[in-house]
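To start, the structure itself, in structure tokens.
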Amino acid sequence: MTPAHGLLPIADPRRTRRELLRRLGAHRVRFCAALLTLLSGTAVTLATPPLLGGVVDAVTDQSGRDRITTLGIALLLVAATGAALALAGGRMLITLIQDVLAALREDVFETAIHLPVSTLESSDSSDVVSRVTRDVEAISEAASDVLPDLTGAAFTIGLSLVGLAVLDPRLALAGLVCLPVHVLATRRFLTRSHVVYGDVRRLESARGQSVIEAVHGAETIRAYRTQDQHLGEVARRGALAVERQRDGVRLRNRFTGWLHAAEFLGLAAVLMTGYALLGSGAVTLGAATAAALYFHRLFGPVGALLGSLDDIQRATVGLARLVGVTDLGRDPGGTATEAGATHPPEIEVKGVSYAYDGGGPALSEVSLHVSAGSSLALVGASGSGKSTLARLIAGQGEPSEGRITVGDAGTPAGRYLVTQEVHLFNGTLADNLRIARPTATDDELRHALREAGADWALELESGLDTPLGPGGAPLDDGAVQHLALTRVLLADPPVVVLDEATAESGTRTGSLLGALERVTRGRTSVIVAHRLEQARAADHIVILTRGRVAEQGGHDELLSRAGRYAALWHAYTPAARP
């Protein structure tokens, strides 16, 4: 695994080959059937040169019209049969590869969405996007357009050489004159192009990242009048990517020139050898013609085989980048994707410290305990470390020091995080809810909405089929947070972490607080308290100040101490809602 600075890791060639063979091996029967069909189609079409040679001999020997007609019908049958088998085998192979690619794409997506936040935050956004778009497209194009032709070309080359050897071994040896040129040109191209295409992907990712940063920070850029600076950076990165792409074009042009030179040498050698053998009576004119046609038939397949190396290199680079992501899902330091305990576990935080890249400590030696099935409220000013601690407990990252254990396994499995950031996905209301449980029935979705107090969602124009997102039914932020809490009920995790999940409640404060109470009931819960009513209802409260635990205890206990929490409560109470 070879990670680059600011980018997700890239699998090495050996690991990439193992992964490809493993995925193809899972469909070995279909793969072998597709290859046999393609091989049969190629074998049938290789009867064409001998039949054409037979036509030449029939004309030379004046064998008559019937002989020529029979050979012509045989040529038509060979062409039709070969085309049918090639079409069937190509479709079988494309379908298989697309199924394998679809599974790979799903694995990459699943791994990416389960990666720790720290891993994604340390990577460029464009790097993640380019892997699930450009890299997948490169592999898909190679699989659909190149692989069937490549397989047929390989079979054609092998069987054509056998055909030449059957006519006369000396003709086959003459054709092999081009082999050293092909080998030299291919080795030079593969060695250099792999580096070039890897650089192109990296530079395109950097260019995309600069565009994303400029778009996201457009208001700040305009406010400080730094448009020219950011445009210059986009242009600089774009120029580097274009120049490296030109290097790739120059490599391809030189490679193509060498291929043409090899074809000229090979055909010249076969023609000269055939002429010499014809003069000595070792072969007939028809056989010499068939030999020349056999070698001429190699032009297309050899060109396709070696010319497709360009697409194969791009696909190989893309595959290595995708495998690099999927391997993160197998990393013990990653995050588990399977549900864990079915009963609410306890949470133990011991000596946890955490610092973001390039910043000071966000947490320092934090220790606390959450009993199984109880609730913990985190209270503190902005920047006190509440959200950081909540995300670490939810498994969205690893502490710099100390450890967090959840139950006996101590893994992030079965934890569910709801933040103050509102997310609404394109699709229907049912689609948005089934993100938490794809197998949920319509009745289960309605029950979850009613249980969360979100009956209003069922009154939308088309009920569960109501489109949401851009162009769909308009929902305020409080409504979207209400749906997020409904998803928690559908997921039914043993541990739930709520990071200011009612911060955007607006006019829905009462209904959201009710949903929050229902979501935490019967689960071990950690709540970043946006409102102190949430803290009062919790079993245990922790006050954080500058990343450290300043106070902890129950609501009444902390009030009796007359400390930080008591001061916050007395300042908040006059404005608190009943």
Side-chain angles (χ1 to χ4, degrees), residues 1-11 105 108-109 111-113 115-142 192-253 310-326 328 356-359 397 419 421-426 469-471:
M1 198 72 64
T2 55
H5 177 68
L7 301 177
L8 295 169
I10 300 173
R105 185 190 296 114
V108 170
F109 180 75
T111 301
I113 62 176
L115 285 176
V117 173
S118 58
T119 301
L120 292 177
E121 288 178 344
S122 64
S123 305
D124 291 341
S125 301
S126 181
D127 185 39
V128 179
V129 173
S130 68
R131 296 194 190 214
V132 296
T133 54
R134 289 180 178 271
D135 292 330
V136 170
E137 289 172 3
I139 300 172
S140 180
E141 290 173 0
R192 298 179 181 181
S193 62
H194 186 78
V195 176
V196 171
Y197 291 143
D199 289 345
V200 168
R201 283 286 188 270
R202 177 178 56 81
L203 292 171
E204 287 179 342
S205 176
R207 178 181 59 190
Q209 180 65 21
S210 64
V211 173
I212 290 174
E213 290 174 350
V215 171
H216 286 177
E219 293 185 3
T220 303
I221 292 172
R222 285 195 296 267
Y224 287 95
R225 293 183 173 86
T226 57
Q227 295 96 323
D228 292 341
Q229 176 184 342
H230 284 82
L231 285 174
E233 180 64 15
V234 172
R236 184 186 69 82
R237 294 186 178 185
L240 290 174
V242 170
E243 183 57 35
R244 204 55 173 148
Q245 288 171 339
R246 288 175 179 169
D247 292 339
V249 172
R250 284 190 284 268
L251 277 176
R252 290 194 294 274
N253 289 341
D310 183 46
D311 296 308
I312 292 173
Q313 282 288 80
R314 284 197 292 266
T316 300
V317 171
L319 182 60
R321 286 159 56 85
L322 293 176
V323 173
V325 175
T326 59
L328 287 176
Y356 292 99
D357 291 340
T419 72
E421 299 173 1
V422 291
H423 298 282
L424 194 62
F425 300 89
N426 288 334

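Start at 1 with the first residue, then count along the sequence. Here the structure is a predicted model, which means the values were calculated and not measured.
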- Task: Return the minimal non-hydrogen interatomic distance between Ala11 and Val323, and the atom names on each side.
- Result: CB-CG1, 3.7 Å

- Message: Within the structure provided, determine whether Val195 and Arg244 are in side-chain contact (heavy-atom separation under 4.5 Å).
- Response: yes

- Query: How long is the gap from CD on Gln245 to CG on Leu240, to the nearest 0.5 Å?
  - Reply: 11.0 Å

- Decide yes or no for Leu203 and Arg237: does some side-chain heavy atom of the first lie under 4.5 Å from some side-chain heavy atom of the second? no

- Message: The criterion is salt bridge (Lys or Arg N to Asp or Glu O under 4.0 Å); which residues satisfy it with Arg236, sequence neighbours excluded?
- Response: Glu233

- Query: Partners of Gln229 by side-chain contact (heavy atoms from CB on, under 4.5 Å), sequence neighbours excluded?
  - Reply: Thr226

